[in-house]
Asker: 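Can you keep this structure in mind? I'll have questions shortly.
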Amino acid sequence: MARLAQTAGLTDVQQEILSTVRDFVDKEIIPVATELEHRDEYPQQIVDGLKELGLFGLMIPEEYGGLGESLLTYALCVEEIARGWMSVSGIINTHFIVAYMLKQHGTQEQKDYFLPRMALGEVRGAFSMSEPALGSDVSAITSKAVRDGDEYVLNGQKMWLTNGGSSNLVAVLVRSDEGHPEGTAPHKSMTTFLVEKEPGFGEVRPGLTIPGKIDKMGYKGVDTTELIMDGLRVPANRVLGGTTGRGFYQMMDGVEVGRVNVAARGCGVAQRAFELGVSYAQQRHTFGKPIAQHQAIQFKLAEMATKVEAAHAMMVNAARKKDSGERNDLEAGMAKYLASEYCKEVVEDAFRIHGGYGFSKEYEIERLYREAPMLLIGEGTAEIQKMIIGRRLLEEYRLQG
């Protein structure tokens with residue numbers, strides 16, 4: 001039988017990259033993922049392997065030392081990595097969002113300074129929008145930047161930074177009222193700052209503190225943190241793009257890439273859950289035969305496989321639309337919404353197939369069962385995706401006259 005979630009129309013180079021990543025996942029990630037996840041241990045050896053493969057530079061243009069690959073190639077690699085361990089895909093996702101934002105919106109000096117080192121994995125990126133009192137409501141951001149000569153002084157508290165401790169570059173979205181009179185729409189008075197820091201926890205540069213890791217139900221190994229700015233001074237040349245007031249649009253462009261990534265993660269986790277479910281169903285016997293021969297289990301497997309295929313197809317479509325240069329917020333929202341919901345359902349069905357053993361930490365499905373819920377929230381909840389989808393549909397199907 002052909003493996004699920006195949007992608008038509010790939011080049012020889014894309015197929016070679018995916019084959020290499022798949023082998024790495026099977027040999028270097030899957031055998032150790034559950035043990036590392038249970039210990040909540042950062043997968044340094046795996047990260048070092050990804051550096052050697054050049055994956056930190058996958059989408060960075062060749063002129064800056066990267067591979068210059070498409071969003072589709074990146075998304076398919078993320079799908080493979082998430083099949084092994086979703087936390088590892090999180091480590092590279094925020095890095096790529098920052099690299100993408102730099103490539104699309106950075107000044108030439110910013111590109112020349114950051115992108116070559118990001119391609120090597122020497123500079124590792126994180127990005128920050130959320131705050132303790134807000135998530136998807138970006139317009140309610142209260143963190144603020146005030147101009148002081150050739151610098152800006154940043155104050156405020158940010159939340160839910162993936163790679164908050166391990167990164168050494170953070171793209172931070174704050175409010176900046178400079179040049180924007182009172183009454184200006186909130187999204188027109190936001191600016192993205194490129195903040196360099198030391199990796200680790202505590203005070204990582206004067207005025208910037210990264211408290212310890214947030215203890216999470218799943219998505220372990222990767223560090224998720226707060227970020228506290230208290231008189232943090234950032235040079236004016238570290239405003240992304242060199243002009244204030246564009247941060248909201250820059251971040252939303254990056255989030256579209258992130259939503260394709262989350263969709264790809266959902267596809268990868270769902271695919272792994274299906275693999276575990278279909279394998280266990282052929283090993284477990286009840287009433288004198290493998291449970292896979294019971295019609296009820298075959299129905300589950302059929303539904304699971306169909307959801308894996310459907311989510312993969314929508315994710316690929318969203319990535320290709322972005323690569324074409326067209327607006328893809330509708331496709332990215334649909335892909336993220338469907339893939340995360342289907343991932344949750346496929347994982348739960350695999351969990352049910354495992355019966356009591358699915359509740360045991362000895363079995364991999366237990367880890368997937370705790371990881372899947374994060375995808376329902378990351379890069380915008382299902383409700384946010386529905387709002388985006390609904391508004392875009394009304395734009396496309398607006399009545400005339």
Asker: Run the side chain to side chain contact (heavy atoms under 4.5 Å, CB included) test on Lys158 and Val172 for me, step by step, so that the C-alpha distance in whole Å, both residues' side-chain angles and the decisive distance to 0.1 Å come before the verdict.
Answerer: CA-CA 9 Å; Lys158 309 298 281 188; Val172 182; 4.3 Å; yes

Asker: For Asn155 and Gly231, indicate whether the former's side chain and the latter's backbone hold a donor-acceptor pair under 3.5 Å.
Answerer: yes

Asker: Could you tell me whether Glu198 atom CD has more than 12 heavy atoms of other residues or ligands within 6.0 Å of it?
Answerer: no

Asker: Rounded to the nearest 0.5 Å, what separation is found between the CE atom of Met86 and the CD1 atom of Ile91?
Answerer: 11.5 Å

Asker: Between Arg391 and Glu395, does at least one N-O distance fall below 4.0 Å, as a salt bridge requires?
Answerer: no

Asker: Any sub-3.5 Å donor-acceptor pair from Lys197's side-chain atoms to Ser167's backbone N or O?
Answerer: yes

Asker: Quick check against the 3.5 Å criterion: does Arg259 have a side-chain atom that pairs as donor or acceptor with the backbone of Ala335?
Answerer: no

Asker: Between Glu371 and Arg265, is there a side-chain N and carboxylate O pair less than 4.0 Å apart?
Answerer: no

Asker: I'd like to know if Lys344 and Glu348 make a salt bridge, using a cut-off of under 4.0 Å between side-chain N and carboxylate O.
Answerer: no

Asker: Between Arg3 and Glu80, is there a salt bridge with N-O shorter than 4.0 Å?
Answerer: yes

Asker: Do any N or O atoms from the side chain of Arg284 and from the backbone of Ser279 form a donor-acceptor pair under 3.5 angstrom?
Answerer: no

Asker: Looking at Glu309 and Ala5, would you say the former's side chain and the latter's main chain have a donor-acceptor pair under 3.5 Å?
Answerer: yes

Asker: Whether Glu275 and Arg83 form a salt bridge (side-chain N of Lys/Arg under 4.0 Å from carboxylate O of Asp/Glu) is what I want to check.
Answerer: yes

Asker: Give a yes-or-no answer on whether the side chains of Asn163 and His95 include a donor-acceptor pair shorter than 3.5 Å.
Answerer: no

Asker: Does Arg117 count as lying over the ring of Tyr113, i.e. NZ or CZ under 6.0 Å from the six-ring centre, within 45 degrees of the axis?
Answerer: yes

Asker: So does Glu379 get a backbone contact from the side chain of Gln385, meaning a donor-acceptor N/O pair under 3.5 Å?
Answerer: yes

Asker: Ring-plane angle category for Tyr280 and His354, please: parallel below 30°, perpendicular beyond 60°, tilted otherwise.
Answerer: parallel

Asker: For atom CD of Glu362, is the number of surrounding heavy atoms from other residues, nucleotides or ligands below 6.0 Å larger than 12?
Answerer: no

Asker: Tell me, do Ile353 and Leu301 make a side-chain contact under 4.5 Å, heavy atoms counted?
Answerer: yes

Asker: Donor-acceptor check, side chain of His285 to backbone of Gln283, threshold 3.5 angstrom: yes or no?
Answerer: yes

Asker: Side chain to side chain donor-acceptor pair (under 3.5 Å) between Ser360 and Glu366: does it pass, once the steps are laid out?
Answerer: CA-CA 7 Å; Ser360 167; Glu366 181 270 344; over 6 Å; no

Asker: I'd like to check Trp85 versus Arg367 (side-chain heavy atoms, cut-off strictly below 4.5 Å). Are they in contact?
Answerer: yes

Asker: Ignoring hydrogens and geometry, is there a side-chain-to-backbone donor-acceptor pair from Asn168 to Glu122 under 3.5 Å?
Answerer: yes

Asker: Answer with yes or no whether the side chains of Gln157 and Glu226 bring together a donor and an acceptor at under 3.5 Å.
Answerer: yes

Asker: Answer yes if the side chains of Ser87 and Glu37 hold a donor-acceptor pair under 3.5 Å, and no otherwise.
Answerer: no

Asker: Please walk me through it: do Glu345 and Lys307 pass salt bridge (Lys or Arg N to Asp or Glu O under 4.0 Å)?
Answerer: CA-CA 9 Å; Glu345 294 170 9; Lys307 289 173 180 176; 2.7 Å; yes

Asker: Working to the nearest 0.5 Å, report the span between CG of Leu71 and NZ of Lys321.
Answerer: 13.5 Å

Asker: Can you tell whether the side chains of Glu109 and Arg238 come within less than 4.0 Å, N to carboxylate O?
Answerer: yes

Asker: OG of Ser130 to CG of Leu227: how many Å apart, nearest 0.5 Å?
Answerer: 12.0 Å

Asker: Give a yes-or-no answer on whether the side chains of Thr224 and Lys216 include a donor-acceptor pair shorter than 3.5 Å.
Answerer: yes

Asker: Would you say the side-chain atoms of His312 and Thr7 include a donor-acceptor pair closer than 3.5 Å?
Answerer: yes

Asker: Supply the atom-to-atom distance Phe114 CZ to Leu169 CG, rounded to the nearest 0.5 angstrom.
Answerer: 5.0 Å

Asker: I'd like to know if the side chain of Asp223 reaches the main chain of Gly164, judged simply by a donor and an acceptor atom lying under 3.5 Å from each other, with no hydrogens or angles considered.
Answerer: yes

Asker: Using 0.5 Å steps for rounding, measure from the OG1 atom of Thr94 to the CG atom of Leu161.
Answerer: 8.5 Å

Asker: Do the side-chain N and O atoms of Ser176 and Thr191 include a donor-acceptor pair separated by under 3.5 angstrom?
Answerer: yes

Asker: Quick one: pull up CG in Leu276 and CZ in Phe351 and give me the separation to the nearest 0.5 Å.
Answerer: 13.0 Å

Asker: Run the salt-bridge test on Asp349 and Lys300 with the 4.0 Å N-O cut-off and return the result as yes or no.
Answerer: yes

Asker: Assess the side chains of Gln14 and Thr73: does a donor N or O sit below 3.5 Å from an acceptor N or O?
Answerer: yes

Asker: Asp40 side chain to Lys220 main-chain N or O, any donor-acceptor pair under 3.5 Å?
Answerer: no

Asker: Decide salt bridge (Lys or Arg N to Asp or Glu O under 4.0 Å) for Asp215 and Lys213; before the verdict, give the C-alpha distance in whole Å, the side-chain angles of both, and the deciding distance to 0.1 Å.
Answerer: CA-CA 6 Å; Asp215 193 15; Lys213 294 193 299 184; over 6 Å; no

